[in-house]
Amino acid sequence: MGDPRTDYAVCMLCEAICGLEVDHDGERVLRVRGDERDPFSRGHICPKGTALADLQNDPDRIRRPLRRVGDRFEEIGWNAALDEAAARLHEIQQRHGRDAVGSYNGNPSVHDYAGFFGWSLFADGLGSRQRFSATSVDALPLVLTSTLMFGNQAIVPVPDIERTDFLLMLGANPAVSNGSAMTAPDVKRRLRDLRARGAKLVVVDPVRSPTAELADHHHFVRPGTDALLLAAMLNVLFAEGRATPGALAARVDGLDQVPGLLADFTPERVAPQVGMAPDAIAALAREFADAPTAVCYGRVGTCVQEFGALTSWLIALLNLVTGNLDRPGGAMFTTPAVDLVGLAPRLDIAGSFDAYRSRVSGLPEFNRELPVAAFAEEMETPGEGQVRALVTHAGNPALSLPNGRRLERAFEGLEFMVSIDIYRNETTRHADLILPPTFGLERDHYPLIGHGVAVRNTAHYARPVLDRPQDSLEDWEISVALADRIARLRGGLEGLRWRAQARFARAVGPRGVLRLLLRLGPQKVTLGDLERAPHGVDLGPLEPRLAKLLGKGRVNAAPAPMRADLPRLARRAEGPEPASPNGLVLVSRRTLRSNNSWMHNSERLVAGRDRCVLLMHPVDAERRGLASGQRVSVKSKVGEIEVPVEVTDGVMPGVVSLPHGWGHDRAGSRLRVASAHPGASVNDVTDDARYDAVSGTSSLSGVPVAVAPLGA
Ligand SMILES: Nc1nc2c(c(=O)[nH]1)N[C@H]1C(S)=C(S)[C@@H](COP(=O)(O)OP(=O)(O)OC[C@H]3O[C@@H](n4cnc5c(=O)[nH]c(N)nc54)[C@H](O)[C@@H]3O)O[C@H]1N2
Ligand SMILES: Nc1nc2c(c(=O)[nH]1)N[C@H]1C(S)=C(S)[C@@H](COP(=O)(O)OP(=O)(O)OC[C@H]3O[C@@H](n4cnc5c(=O)[nH]c(N)nc54)[C@H](O)[C@@H]3O)O[C@H]1N2
Ligand code: SF4
Ligand SMILES: [Mo]
């Protein structure tokens, strides 16, 4: 402990990368505020950023490795823990083959550049096909679209909300989520600014979300029907000769096929399923095409649904055929100081697709990972390649993945499980060993992913604010230490090569890698420059750069896997949606004071009213005799939960909405604040057997459910 002082950091909790001003004494955080001098976030902070102090100081956070002894956990030393983990994992791979050790990588590693490299080194070397991550409940359809259309998953279009005349947003709620694949700190101000300068915001969502409240227009859509809506909009543009792709057309293949592919998707045909009038669909298409500039943007709600891949593709097509791809005011590509686009092919992460399939259900690999829809069955199903041991890293699948209860049962059947995590929670309580890394302000940060999808070119490097705790390891060091030990046991040429990588990683360190990547990057900033600018630096507005990113490559407007899925979409246009026991479908949402499943142990975030509440339309409530505040049962094919209901016309009739990330009442976890405000897990009722046919992405939206008063 030392004297109170103030340092600056960049928030690692979400993609908005707000600058933070932190009062601390070296060990404890006294207060966190928004950094007024950050040129990008300009003092903005959300409740989670402020609550970072609670997590830093949380007495429930694990500080020493824990080893299971019966039903209890006891602290052990790092060497003993790492040796045991390596020995068990190696032994199981020797006995049953490489695939017998599975892995799962969660969301926080996206916000930790060092951890991201460390985990890649570990999981690549492990050499198991049973590799899973949160990507397949998140942006998989988006990055798959980039791979199929642009040849590189890192070429991700970003809506130029600073300059656009028309923003069409589907399945995203940045007013609450603070934006995703669109790094835009203080996004509410930016959306208000957009409207103040005369531009238009239209939101398409089965819920009138806080973002929809900010919009000029909000359209309800039936969950999972965005692809029908977009196909019909494109259909109108082709039929009326409003498709004007502009100069980019010379770099595009397959564009001439598209009108024919979408010829049957007329507004009249899709309207009953979508829940929008044919005229409204046609008018929306015209308005989009006629705006001087326009951009269509979709996120989680368009990804984690029945037609995740088709929807993401049609969004890109809409931007492309209206001439809005890669132009100011349209869908643009950030020029970040560390450019993953150039690095991806060299690091072999440009996005392989369907090079192999999962053992049981035959779901396609993407970027050497399998979709989590296959996770539980790969642990349960005997045979060669069955997952018998598991390493989880910065993930909480028990609450964050569909059919979480089934996953928990599968964890119980494993021979060995090790979790790299800061909490003993719903997932890690099943582990034999928990390895706790340093957290948050105890380490340095460069928001690699956030910068890569930002609405402005910026760069921000933050040194550790707090002193490094004694006898602690960072995430990357844990991954590398495990890799080094397993490599030693494995031996042979492969073991030698893996060990050499681990040694190299230790010698260079994440900062060394970052220094090099900045030097290779398209912006002329060095790590030294960034260290001298603790508030971050502005590198100017987005500029057109697709031609450069493509190199010799071309855009594929009609990738084969997308074309092949159109008949399924056509069937959806005909048939009613899959039967629901009493006519309701469930979608999920985020709340401002949560971060997926893991920030509910902060008193200030869970204080006040219950936030794990089911939204239901008055017509549906009346039919079931329900009133706000009443507790109901929500039942699906896979499970049942109990939650309070809130009756509101802010949700579409026939749709109910519940936040994910709750359900903290499980024995054996150590989350004293969260377990006093447990809520219920929506993923106890989402169904892992529902997924997008193209990408294998879980379909968490539109789950058929029955809702009834408790005791009925
Ligand atoms: N129904 C429904 N389910 C969803 C979604 C939805 O919209 N609806 N959204 C999905 C999305 S987009 C995502 S990204 C996933 C998230 O899925 P996951 O990443 O699996 O889950 P999180 O809840 O983010 O859990 C993060 C875990 O990391 C730990 N942790 C936090 N910081 C660190 C750190 O620095 N190092 C380490 N090693 N561990 C850390 C936390 O304690 C927690 O256990 O959830 C998905 N689940
Ligand atoms: N406060 C907070 N912020 C977060 C997180 C958090 O948990 N809490 N999580 C972070 C993470 S990991 C991510 S990936 C981002 C995600 O950020 P966003 O992509 O903005 O995700 P959501 O806020 O879940 O908004 C999804 C919207 O899609 C709607 N929706 C559901 N189904 C459909 C559908 O079929 N069609 C359409 N058109 N809409 C649909 C929902 O009603 C909801 O309004 O947020 C990040 N930021
Ligand atoms: S918006 Fe995101 S980056 Fe900004 S303070 Fe909140 S959690 Fe941190
Ligand atoms: Mo996410």
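FYI, side chains are in, hydrogens and waters are out, and symmetry mates aren't considered; it's all heavy atoms of this structure. In each ligand, atom 1 is the first atom listed, and ligand 1 is the first ligand listed.
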State the atoms of ligand 3, each with its element, that fall below the 4.0 Å cut-off from a heavy-atom position in Leu13. 7 (S)
Strictly under 6.0 Å, is that where the ring centroids of Tyr446 and His451 end up? yes
So does Arg666 pair up with Glu408, basic N to acidic O under 4.0 Å? yes
Numbered in order shown, the ligand 3 atoms found under 4.0 Å of a heavy atom of Ala16 are 1 (S), 2 (Fe), 3 (S)
With heavy atoms of Asn178 as the reference, note each atom of ligand 3 found under 4.0 Å away. 1 (S)
With a 4.0 Å cut-off, would you call Glu75 and Arg67 a salt bridge? no
Identify the protein heavy atom lying closest to atom 8 (Fe) of ligand 3, giving its residue, its atom name and the separation to 0.1 Å. Cys11 SG, 2.3 Å
Residue, atom name and distance, where the atom is the protein heavy atom closest to atom 17 (O) of ligand 1: Ser400 CB, 3.2 Å
Considering heavy atoms of the protein only, find what lies nearest to atom 8 (N) of ligand 1 and give residue, atom and distance to 0.1 Å. Ser588 OG, 2.8 Å
Residue pair Met182, Val453: steps toward the side chain to side chain contact (heavy atoms under 4.5 Å, CB included) verdict: CA-CA 6 Å; Met182 173 182 72; Val453 289; over 6 Å; no
So is Asp112 close enough to ligand 1, meaning a heavy atom under 4.0 angstrom away? no
Protein contact of atom 19 (O) of ligand 1 - nearest heavy atom, named by residue and atom, plus distance: Asn107 N, 2.6 Å
Assert yes or no for the condition that the ring centre distance of Phe132 to Phe375 is strictly below 6.0 Å. yes
Just checking: Cys46, one of its N/O/S atoms, less than 2.8 Å away from atom 8 (Fe) of ligand 3, yes or no? no
Does an N or O anywhere in Thr438 fall below 3.5 Å from an N or O of ligand 1? no
What protein heavy atom is closest to atom 3 (N) of ligand 1, reported as residue, atom name and distance in Å? Asn683 ND2, 3.1 Å
Note: Lys637-Asp688 ion pair, threshold 4.0 Å (strictly below): no
Does the shortest distance from atom 6 (Fe) of ligand 3 to an N/O/S atom of His44 fall below 2.8 Å? no
Of the protein's non-hydrogen atoms, which lies at the shortest distance from atom 36 (N) of ligand 1, and what is that distance? Asp475 OD2, 2.8 Å
Side chain or backbone, does Tyr423 bring an N or O within less than 3.5 Å of an N or O on ligand 1? no
Using a 4.0 Å cutoff against the non-hydrogen atoms of Cys18, which atoms of ligand 3 qualify? 1 (S), 3 (S), 4 (Fe), 5 (S)
Checking contacts here: is it the side chain or the backbone of Leu52 that comes within 4.0 Å of ligand 3, counting heavy atoms only? Could be both or neither. neither
Do the two ring centres, one from His677 and one from His664, sit under 6.0 Å apart? no
Nearest to atom 4 (C) of ligand 1, what protein heavy atom do you find, and at what distance? His660 CD2, 3.4 Å
Subset of ligand 1 atoms that lie under 4.0 Å from at least one heavy atom of Gly106: 19 (O)
Residue, atom name and distance, where the atom is the protein heavy atom closest to atom 7 (O) of ligand 1: Arg590 NH1, 3.2 Å
Nearest protein heavy atom with distance in Å, relative to atom 20 (O) of ligand 1: Tyr104 OH, 2.6 Å
For ligand 1, is there an atom lying under 4.0 Å from some heavy atom of Gly661? no
Would Asp112 and Arg443 satisfy salt bridge (charged side-chain N to carboxylate O under 4.0 Å, His left out), going step by step from the backbone distance to the final call? CA-CA 9 Å; Asp112 173 14; Arg443 55 196 189 212; 3.4 Å; yes
Residue, atom and distance of the protein heavy atom nearest atom 2 (Fe) of ligand 3 read Cys14 SG, 2.3 Å
